[in-house]
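A, B, ... follow the sequence lines: proteins, then strands. Residue 1 opens every chain.
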Amino acid sequence: MPRALIDNRPVEVPHGATILDAARLLHIDIPTLCHLKDFAPFTSCMVCLVKIDGKERLAPACATKVVDGMTIESETPEVRRARRVALELLLSEHAGDCSAPCQHVCPAHMNINEMLRLIAAKEFHRAAEVVKRDIPFPATLGRICPELCEKGCRRADLDGAVSICRLKRFVGDTDLATHHPYLPAKADPTGKRIAIIGAGPTGLSAAWFLALAGHAVDIYDARSHVGGALRSDISPALLPVEILDAETALLPRLGVNFILNKKLSSTTEAHSAEITLPDLQSHYDAILMALGPIDPATLRTFGLETLGKGIKIERDTFRTNLPRVYAAGAIVTPYRYAVRAVADGHAAAKSIDASLRCAEREPAQFSMRLGALPKVELVVLAEQASSEPRTPTVPDRDLTVEQAIKEASRCIQCGCSKGDDCLLRHYSTQYEVNSNHYRGERRPLERINTHPDILYEPGKCISCGRCVAIASRAGELWGLSMTRRGFAVKVLPSLGRSLQAALQKSAPDVIAACPTAALAWRRKI
Amino acid sequence: MNHASHNLATSPSPAIDLAFVDTLLARTGTTPDAAVAILQGLQEHFRYLPPAALDHIVARTQITAASLDGLATFYTQFRHTPAGEHLVRICHGTACHVKGSEQIEDALRRHLKMDASQDTDPTGKFTLERVGCVGCCTLAPVVVADTRAHGRVTGPLAHNILSDALSPQARAPKLDIADLSGNANGHAAIYVGMGSCCVAGGSANVTRALLQASQNLGIDIPLKPIGCTGMCHQTPLVEIHTPGQTERILYTHVDESEAAAIIDRHFASPRSRGLTHRLGRLWRRMEDRLLGATLPLPQLEQPETQDVCAYLGPQVHLATEHAGQMHPLDLDEYIRRGGFTALQNALAPADIIREIQSSGLRGRGGAGFPTGKKWQFAAAAKGDRKFVICNGDEGDPGAFMDRMLLESYPFRVLEGLLIAARAIAATDAIFYIRAEYPLAVERVTRAIALCRDRGLLGSVQVQIRQGAGAFVCGEETALIASIEGRRGTPRLRPPYPVESGLWDCPTCINNVETLTLVPWIIRNGASAFATIGAASSKGTKVFALTGKIRRGGLIEVPMGITIHQIVHEIGGGVTPGRTFKAVQIGGPSGGCVPASLAQTPVDYESLAAVGAIMGSGGLVVLDDRDCMVDIARYFLSFTQAESCGKCTFCRVGTKRMLEILTRLTEGKGRPNDLDTLEQLAHDVHSGSLCGLGQTAPNPVLSTLKYFREEYEAHLRGHCPAGKCRALIHYRITDTCNGCTRCAVACPVGAIPFTPYQLHTIDQSKCTKCDVCVQSCPLNCVVVESGPVVAIHEEATA
Ligand SMILES: Cc1cc2nc3c(=O)[nH]c(=O)nc-3n(C[C@H](O)[C@H](O)[C@H](O)COP(=O)(O)O)c2cc1C
Ligand code: SF4
Ligand code: SF4
Ligand code: SF4
Ligand code: SF4
Ligand code: SF4
Ligand code: FES
Ligand code: FES
Ligand code: FES
């Protein structure tokens, strides 16, 4: 039996085994996009490249047999770079957005696309679930949000953006009106304690996400009420107090303690109405400074380093110079929009959670972004959406259920149907690719929507060949065909047949095997 | 190929004669490996692939719909929409590209009122297709109208091709060279070159005219068609051997109108000589072209004419033994000259392999793998069925060695293949020949039949398979896929074909030229071969010498000869007035060797050391008007179009490289483009699956290495060679005497007609077609780099 070394680890494999087989025995993760178990290697994607000692070029692990005495490198910078280039080249021809542009523009990165789809399907409760993954207080923000996301809406270039913000408010209001507003499930208690100073939008948002993560959270505020600037700076005509109260009231149900009328002091002998940082540091595992703007001189009396008009933090971890003390929101950089504060609180919560769990920070999830689309492609995208114009907005008037459904149906569903279980995206995240590295002509954006259950988007196909092979082995009469060549290759139902005719037996297998969202089930509720 | 409709069924489908399809299937069979031949039959009959016919095939054969669709859209030979009445194919091979094929296409499109997106003219008479090399590179630029090739086409006269295609003469029956065979002992009085170059130059018409003229005189003059003489730049060629004299007289560039005069001069009785006087003027014109070449028989040993002498001098004819003397299809003559003795001298397989091994022969198909070693592996491989395949796919644009060998020496190639078959105990032998070489296919088919009739094939099953327009099918694993009736996509090697090839049987694939050398080696012994050539590169190499060279053609030279000798001694250097800049060796996989390295010897290792490769033998000479960025872009556009599209690095990587190069030639380069290009070139080389992608970056890397400053100039918006259309303009210098020729010639009226005055060019109208340059007798039209405005500003500043 041949023996080899992969990344200096010895391995012995049966005759005929590939380098990929050998690596899997050692639990070395070599990315693969075209390899299919029990099928002859198709060697198209080339993301499985490895370096074989003594060979000038790299070799695809999925098809190269182990020869006795081989020395193989899989995790070296050279190999990782080559795999990254393969992924970047694939993405340079890719016509898809992992998530919709509105979601990118939204400071909280809320999955607007999915929210709208659920509203259109009258699944209001599930829409609230989606919203609250990123925005805990939709009824509140839905009233004061500056509609940033709508500036990124693709439909804006056709006949007016979808009324995202009002629909978010609709979701929040409908949720509150149920008397059992949606509360996500909490993780198991971690035994960690966290103090948040400041019960404004940043602190409340951070409290929400930290509580959900299983930590015990106390929020301190100098005032006698929660909400911070939301309550003090916004006219109740715009944001009725009952709405704010109703949404913040959900926090105690998650186990968050409000400790009001406690002011942060810099002196060591603080009286009972005051708290000090050293004191908090000795009682809590982490402290988040989430107060409103404070002048830098005062901040320095707390022992905090400052930068510009606020606390100096490490950008991606929210750490200050003091141990276990974090800062986010207006006390770092003054913001104009509450939604930014909410987003900042969420991000700080993630960082605190990660460091309390001693988890390694994961690379940011990769997201393919197409940018502006030519009109012709927009029209293609809009084909399946409602062709109604934007519902005129009347201030202070809630959307009716019918209006909401109608408006949400205008969304052209820019995000990807696979989103989180796309292999291409998974490896792109893992290899920290830059999808703009090789910009150039890409595949056209197309949606083949003729099958009742399947959506085929050739623009997202990476020509891996899996589907063609599976359909052929299944003995499909028409099957799928790899047509044309070079940059123009395209998988199509054979000889102009429909998808339905092409995939009579193998549709589930084909869809399970497609490494991208090119061939996917149509999103059903 | 027409990609406008990728959904085959959406094409218009007029009523289709399905009975024809059934007849076709009866001829081709219905197994999957017949698929390409079936599609070729459809294409030939309908001139496109009607969807109804494809459906019918799925119903009647074992070919699946998925594989049929994959094939039909893979090969460029197949159309999916009906074509016009006449198919006009414009060669965009390397030789034609550097000789201005783009301008020819522009001129034809202008004449037919077609824009760049149309492939058929509004009247439905003509369909234009861009094709890779058609194998007549010395006559570049070449246009093939229906079956007729036209060489040395010029923009202003390009439309004559169209009227020619419409003329009744175009339908004249084809000349069958088997009907012409000289006299019984193979000698003749008139020899006419009948290779593709010669035919493209008009030699079939010349032959007809010669026969007609001798008939008119009432005498029967034995006329013998011969294969390529290698002097393709002189075609059509007519050699006269008058009885009693020991010398041949060679006429070059013969026109059919001159046939009568030739016959009259050499064969008429003194009494009927009067004709010569009547043809006096014509005769004098011909004398210019009479090389004065009095070539002694039987060997061209002491040619007196300098040109011919220099051209032929350094050459050594092994693969092309008896060049210019043999009838391509005269089996008796081939045998008389020693043919088939190598096959019949009954060497045992092991001895054949040993002989080939010690001769040092290496594969001529590009990689240079030792042939004896390959045969040894193939002989050792076990299998009831074994194949030898002659790789005649020669897709390298600007090369036509294999075409010429197949056309001129079909028996020799066949003998080589049969010897290979014996050496490895093969049961089957296959010729794989690209469809663009119809004459080669025809001659090899006949040669096989003639040998079969004589019992020379023994028990070996010999057949021909035709490619269908895919360069990548020259790669051996793709070639196998193509024969098996699959898309021509390569697979990873190992396993190599010698272990597991066609139908998983051991398969030994060799290049045409490799096989052509084999009979010589067996006949003359390995050591005779090994004395010719260089240390690790033995024997000779055939090159297609083309481009900006005075004497282009097919040459066979000993390995180790320098580039300088080839270009200057054999080729006579570049056109007077121009300077030799570089040679492109090895086509799309090769590189550019600059003039400063012209002393590089031509052997596998030395060429690799300077960043080129031996390749299959394309050698394109470039002069100072050739832009190296444009050359790199040209080759990348070729490989990109020919990529099978399977693997990421080649499919997308070469596309991105091409985009950068295109940007540069348009003056839109970005500051870090050169770095990205270079890095990507290394990545594509390292990560591609097959040789096409692995070597595609070579033209880029070698030009970046030797001509980086030219790339940098393009970044600044200048094309120093004056080739990149977006970066140049035309200007008439003040030496213009107002002769008006340019104004008359300009096809778009960009030069106002102003007799006796300095002419000027309206830049807003000029399409940069170069016609004015060619038309000006005083060379007053100059090409300048950079935008016009800048020039004027400079002048006024
Ligand atoms: C893209 C590509 C095209 C090729 N085209 C040809 C060809 O046209 N003719 C040829 O003989 N070899 C061609 N080859 C090389 C063949 O794969 C193979 O090496 C050769 O036929 C072996 O014959 P030899 O050992 O006699 O050289 C090509 C290789 C590649 C990668
Ligand atoms: S297919 Fe994958 S990579 Fe492409 S847009 Fe969808 S999720 Fe992103
Ligand atoms: S159409 Fe829908 S998914 Fe697309 S940007 Fe607008 S709201 Fe987002
Ligand atoms: S559709 Fe999916 S499975 Fe099929 S080739 Fe494209 S990416 Fe691969
Ligand atoms: S390198 Fe190019 S031609 Fe070769 S397999 Fe890859 S895509 Fe096809
Ligand atoms: S002026 Fe321009 S368009 Fe006219 S002949 Fe000259 S190059 Fe061609
Ligand atoms: S998984 Fe190996 S090439 Fe795609
Ligand atoms: S005939 Fe045009 S390049 Fe060969
Ligand atoms: S083909 Fe005629 S001389 Fe070469």
Quick check on B:Glu642 against chain A: is it the side chain, the backbone, both or neither that has a heavy atom closer than 4.5 Å? both
Once rounded to the nearest 0.5 Å, what's the spacing between atom OG of A:Ser92 and atom CZ of A:Arg442? 11.0 Å
Counting only non-hydrogen atoms closer than 4.5 Å, does A:Glu441 touch chain B with its backbone (N, CA, C, O), its side chain (CB onward), both, or neither? both
Comparing B:Gly645, B:Gly687, B:Ser686, B:Cys647 against chain A, the one with the most heavy-atom pairs below 4.5 Å turns out to be B:Ser686
Name the region of A:Arg83, side chain, backbone, both or neither, that has any atom closer than 4.5 Å to a heavy atom of chain B. neither
Regarding B:Thr477 and B:Arg493, do their side chains bring together a donor and an acceptor under 3.5 Å, going by distance alone? no
Classify the side-chain pair B:Gln62/B:Thr31 by whether it contains a donor and acceptor separated by less than 3.5 Å. no
Under 4.5 Å heavy-atom distance to chain A, tell me which part of B:Leu680 shows up: side chain, backbone, both or neither. side chain
Which atom pair, heavy atoms only, marks the closest approach of B:Ser589 to B:Asn698? O-ND2, 2.7 Å
Using non-hydrogen atoms only, which part of A:Arg81 is less than 4.5 Å away from chain B: side chain, backbone, both, or neither? side chain
For chain A, the option from B:Gly653, B:Ala65, B:Gly488, B:Pro495 that forms the most heavy-atom pairs under 4.5 Å: B:Ala65
Selection from B:Asp683, B:Thr648, B:Leu689, B:Thr64 maximising heavy-atom pairs under 4.5 Å formed with chain A: B:Thr648
Any carboxylate oxygen within less than 4.0 angstrom of a Lys/Arg side-chain nitrogen, looking at A:Glu93 and B:Arg651? yes
Give, as side chain, backbone, both or neither, the part of B:Thr676 having an atom under 4.5 angstrom from any heavy atom of chain A. side chain
Using non-hydrogen atoms only, which part of A:Leu58 is less than 4.5 Å away from chain B: side chain, backbone, both, or neither? both
With a 4.5 angstrom heavy-atom cut-off, is it the side chain or the backbone of B:Arg491 that approaches chain A, or both, or neither? neither
Reference residue B:Ser643; test side-chain contact (heavy atoms from CB on, under 4.5 Å); the match among B:Ser688, B:Cys690, B:Cys650: B:Cys650
Is B:Lys655 close to chain A through its backbone or its side chain, or both, or neither, when contacts mean heavy atoms under 4.5 Å? side chain
Residues B:Tyr496, B:Phe377; criterion ring-ring contact (aromatic ring centres under 6.0 Å, His included); working and verdict: CA-CA 10 Å; B:Tyr496 290 91; B:Phe377 290 144; 8.6 Å; no
Determine the option with the most heavy-atom pairs under 4.5 angstrom with chain A, choosing from B:Gln694, B:Glu659, B:Arg656. B:Arg656
So what's closer than 4.5 Å to chain A heavy atoms on B:Val58: side chain, backbone, both or neither? side chain
Name the region of B:Ala470, side chain, backbone, both or neither, that has any atom closer than 4.5 Å to a heavy atom of chain A. both
Here the pair of heavy atoms bringing B:Pro697 nearest to B:Ala681 is CG-O, 3.3 Å
Taking all atoms of both residues into account, what is the closest heavy-atom pair of A:Ala63 and A:Thr43, and its distance? CB-CG2, 3.4 Å
To check you understand the geometry: which heavy-atom pair defines the closest contact between A:Pro493 and B:Asp69, and what is its length? O-OD2, 4.1 Å
Is chain A contacted by the side chain of B:His685, its backbone, both, or neither, given a heavy-atom distance below 4.5 Å? both
